[in-house]
Amino acid sequence: MPSNDVRNLLHTAVPTAAAGAIAAVVSGVVAGGKGALGAAVGALIVILFMGIGLVVLERTAKSLPHLFQAMGLMLYTAQLLLLFIFVAAFKNTTLFNPKAFAATLVAATLVWIAAQARAHMKAKILYVEPESSKGSEPQKSGSST
């Protein structure tokens, strides 16, 4: 994975993990140990789902740039549906507090999206490929050959 991809992943995963830690502390105070566990599981699921999605999307952008927009829309739709399925599946669990789990899932997803938007706006992405120095000399405008 190129360093720019790792940088993007870190700029989104770190704020999400911080939000998950804050949610775990708040849930631990409000709902006890099961609340903290539910918040931690929720944050971990968001980081895993969204992180895998980001890696897949960046690889798609490099190998199949014409499918990038469609792949992004499909990927985010699939991620939100999978997160909804997780909330529905663990709605009545006794392993952890499902309300803390669901609230953290939503909050961590929003933090991930905001951090990803901020990282993308701060990134210096070339939209024109610079000419390589190995190739022929570029022609100067206005010169006749």
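Residue numbers start at 1 and run along the sequence shown.
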Gap between atom CG of L75 and atom CG of L80 - 0.5 Å precision: 9.5 Å
Connected via hydrophobic side-chain network under 4.5 Å: L83 and F101: yes
Plane angle bin for F49 and F86 - parallel if under 30°, tilted between 30 and 60°, otherwise perpendicular: perpendicular
Closest non-hydrogen atom pair, A108 against A43: CB-CA, 4.4 Å
Pairwise side-chain contact, I113 with Y76, heavy-atom cut-off 4.5 Å (strictly under): no
Closest approach of G35 to S27 (non-hydrogen atoms, all atoms of both residues): O-CB, 3.2 Å
Same apolar cluster (I L V M F W Y, side chains within < 4.5 Å links), M50/L110: no
Main-chain N/O of T94 paired to K34 side chain as donor or acceptor, under 3.5 Å: yes
Single hit among V41, V106, T16, V111 for side chain to side chain contact (heavy atoms under 4.5 Å, CB included) with V46: T16
Non-neighbouring partners of A23 that pass side-chain contact (heavy atoms from CB on, under 4.5 Å), sequence neighbours left out: A39, T104
Partner of V87 under side chain to side chain contact (heavy atoms under 4.5 Å, CB included), chosen from L105, I45, L82: L105
Smallest separation among heavy atoms of M71 and V56, with atom names: CE-CG1, 3.5 Å
Over all atoms of both residues, closest heavy-atom pair of Q79 and G53: NE2-CA, 3.3 Å
Value rounded to 0.5 Å, distance of CG in L54 from CZ in R59: 11.0 Å
